[in-house]
Amino acid sequence: MTVRVRMAPSPTGFLHIGGVHTFLFNWLYARGRGGECLLRIENTDTSREVTEAVDQIQRSLAWIGIDWDRPVTFQLDAMERCRELAAKLVADGAAYEDEGAIRFRMPDDGSTGWDDAVRGRIEVPNAQLEDVVIVRSDGRATYNFASPVEDMDDGITHVIRGEDHISNTPKQIQILRALGHEPPVYAHLGSILGPDGKKLSKRHGAVSVDEFRAAGYLSEALVNFLALIGWAPDGETTEMTVAEIVERFTLEAVSSSPGTFDYAKLDWLNGRYLRALTPDAYADRLLVFLHEQSIGWDKERVRAAAPLVQEKIGRFEEFPGMVGFLFGFVDPDVTLLDPAILAAAGKAFDPVEPWVAAGIEVALKALCEELGRKPKEVFLPIRVAVTGSRISPGLYESLELLGKDTSLARIRAHAAAS
RNA sequence: GGCCCAUUCGUCUAGUGGCCUAGGACACCGCCCUCUCACGGCGGCGGCACGGGUUCGAAUCCCGUAUGGGCCUCCA
């Protein structure tokens with residue numbers, strides 16, 4: 001039997017990272033088994049639909065690298081089909097009308113259970129199952145009816161979703177059986193929580209795919225990170241390519257307990273990915289990021305500056321702050337400046353030709369010697385005068401890139417009169 | 001309240017009865033490297049929620065308790 005899964009977002013807003021996590025696991029499972037992964041928009045609640053959401057969801061998935069097979073489907077398109085099946089259930093006595101709506105008749109005795117692919121056997125007393133509304137009084141099917149119906153019609157073999165759906169599962173199984181269809185395999189994933197143990201939300205930090213993108217995370221780092229929440233190939237491996245994750249992923253190895261979203265670990269992992277990029281690839285990705293952020297800095301200059309920060313930042317978001325001094329004026333904190341040292345530096349740099357890092361280094365070392373001061377004491381005021389901050393890329397390289405004229409101008413602007 | 005799910009270092013996890021004196025990674029702390037910040041290297045801190053069983057032997061199996069979460073909508 002060919003595996004077929006589905007990703008079923010509701011178009012109520014941006015794509016939440018928790019949803020991406022669920023979709024990723026569906027996608028990994030299908031891709032690792034030569035199966036199909038469908039995208040179904042569950043929009044039966046028209047009142048909550050957000051216009052831009054459908055496009056945005058697809059864009060977010062594309063950026064993450066999660067693709068899908070066959071055209072996108074919309075649950076609202078299955079309403080007619082759902083009404084027909086509901087009518088059939090009423091005719092069979094399995095459902096009944098109630099104030100204009102149609103309710104499915106749940107059994108009162110016994111229990112409904114299934115072998116959850118990640119949790120094992122789950123059994124729920126049927127007495128807990130109320131007669132759910134399957135068609136609203138306005139004729140639209142509800143989620144609990146449309147979803148299993150579409151799973152049936154689409155030939156879904158595995159329903160991989162969040163644990164908040166566990167209590168819907170026995171109801172959907174009953175409905176499917178009444179329809180004469182054998183239920184798919186269900187797999188319920190643990191939720192993703194914020195650092196405080198509550199459901200991950202806006203106040204914890206970035207939650208939508210767009211936010212992670214705008215913060216300068218690499219999609220492959222995000223995928224790697226997400227894969228490791230609730231799943232691990234072994235006890236050692238943490239850095240894996242998508243291909244490797246696809247190859248090693250199994251539902252059996254998925255954990256059933258909830259996981260906390262650790263932003264610090266994501267930052268570390270993203271930094272690892274960033275540093276592993278070749279200088280060219282790094283600059284390419286950085287340029288794409290800056291373009292998305294509407295930062296129109298000179299491309300060649302950005303390429304030249306990129307290598308200076310590749311080892312220093314964990315997200316592209318940090319780039320502008322780190323090298324802004326190369327693209328605009330600086331406003332140094334004068335209390336960190338030392339006019340005497342700056343005056344001496346101005347003189348020491350004057351004869352340096354050509355203006356390259358190696359020559360600058362020699363001049364700077366000689367200056368330290370001459371002043372009888374330690375490098376860190378001499379470098380600080382120069383760094384602040386030139387970059388506007390006590391934290392910057394390497395000083396020699398920064399000076400070289402800034403250019404001799406600008407560098408000297410910034411140094412002399414705060415130097416003691418001679 | 002009812003039903004269901006979960007519980008290994010602060011965090012993500014390895015572990016499926018003896019290999020565990022519980023391993024790895026992030027975070028944190030210290031040292032080294034060093035022009036700042038980082039990176040990198042080395043080392044350290046730190047955990048099987050609790051209580052009963054079962055067993056020669058339990059993080060692993062069973063029961064209970066506690067804690068956290070989910071659902072109980074003509075939401076998905």
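Letters go in sequence order (proteins before strands), and every chain restarts at 1. In this text the structure is predicted, and so the values were computed from the model without any measurement.
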**Report entry** A/His204/A/Phe261 aromatic ring centres below 6.0 Å
**Finding:** no
**Report entry** Pairwise P distance, B/U60 and B/G18 [rounded to whole Å]
**Finding:** 12 Å
Report task. List the atom of A/Pro148, the atom of A/Tyr143, and the distance in Å for their closest heavy-atom pair. Result -> CD-O, 3.8 Å
Query raised in the report: Expressed as a whole number of Å, how far does the P atom of B/C20 sit from that of B/A38?
Result: 37 Å
Query raised in the report: Rounding to the closest angstrom, what is the interatomic distance between B/U67 and B/C61 at atom P?
Result: 23 Å
Report task. Between B/C74, B/G10, B/C35, spot the one nearest the side chain of A/Asp262, thanks. Result -> B/G10
Query raised in the report: Which nucleotide sits closest to the side chain of A/Lys198: B/G68, B/A38, B/G40?
Result: B/G68
Query - From B/C74, B/A76, B/G40, nucleotide with atom closest to A/Arg275 side chain - result: B/G40
Query - B/A49 versus B/A14 - spacing of their P atoms, nearest Å - result: 14 Å
Query raised in the report: Rounding to the closest angstrom, what is the interatomic distance between B/C33 and B/G41 at atom C1'?
Result: 8 Å
**Report entry** Polar contact flag, side-chain donor to acceptor under 3.5 angstrom, A/Glu49-A/Thr12
**Finding:** no
Report summary line: Out of B/A76, B/G40, B/G2, minimum distance to the side chain of A/Asn168 belongs to B/A76
Requested in this report: Examine the base of B/C74 for any acceptor or donor lying under 3.5 Å from a partner atom in the side chain of A/Ser137, and report the outcome as yes or no.
Outcome: yes
Requested in this report: Could you check which of B/C5, B/C74, B/C3 has an atom nearest any side-chain atom of A/Val124?
Outcome: B/C3
Query - Short side-chain N/O contact to B/C12 OP1/OP2 from A/Thr260, under 4.0 Å - result: yes
Query raised in the report: If the C1' atom of B/C75 is compared with that of B/G23, how far apart are they to the nearest Å?
Result: 44 Å
Query raised in the report: Would you say A/Arg140 reaches B/A76's phosphate, i.e. side-chain N/O to OP1/OP2 under 4.0 Å?
Result: no
Report summary line: What one should report as the nearest heavy-atom pair of A/His188 and A/Arg119 is O-NE, 2.9 Å
Report summary line: The nucleotide from B/C72, B/U13, B/U11 with an atom nearest the side chain of A/Lys171 is B/C72
Query raised in the report: Centroid-to-centroid, A/Tyr217 to A/Phe289, below 6.0 Å?
Result: no
Report summary line: note: A/Phe261, atom CZ; B/U13, atom C1'; distance rounded to Å ~ 16 Å
Query raised in the report: When you measure from the side chain of A/Met322, which nucleotide among B/C37, B/G2, B/C12 comes out closest?
Result: B/C37
Query raised in the report: Expressed in whole Å, how much space separates the P atoms belonging to B/C45 and B/A25?
Result: 14 Å
Report summary line: Closest of B/U13, B/A76, B/U36 to the A/Arg383 side chain is B/U36
Query raised in the report: What nucleic acid atoms does A/Leu380 come within less than 4.0 Å of, heavy atoms only: base, sugar-phosphate, or nothing?
Result: nothing
Query raised in the report: So, A/Ser255 and A/Ser257: side-chain donor and acceptor under 3.5 Å apart, yes or no?
Result: yes
Query - Gap in Å between the two P atoms, one belonging to B/C62 and one to B/C4, rounded - result: 16 Å
Report summary line: Regarding the side chain of A/Thr44, the nearest nucleotide among B/A76, B/A14, B/C35 is B/A76
Query raised in the report: In terms of side-chain heavy atoms of A/Arg119, which of B/U36, B/C3, B/C5 is nearest?
Result: B/C5
Query raised in the report: Which part of the nucleic acid, if any, lies within contact of A/Arg161, taking any heavy atom under 4.0 Å across all strands shown: a base, the sugar-phosphate backbone alone, or nothing?
Result: nothing
Report task. May I ask you to verify whether the side chain of A/Lys312 and the base of B/C39 hold a donor-acceptor pair under 3.5 Å? Result -> no
Report summary line: As its Watson-Crick or G-U partner within any shown strand, both distances under 3.5 Å, B/C61 has B/G53
Report task. Hunt down the Watson-Crick or G-U wobble partner of B/G2, both distances under 3.5 Å, from any strand shown, or write none. Result -> B/C71
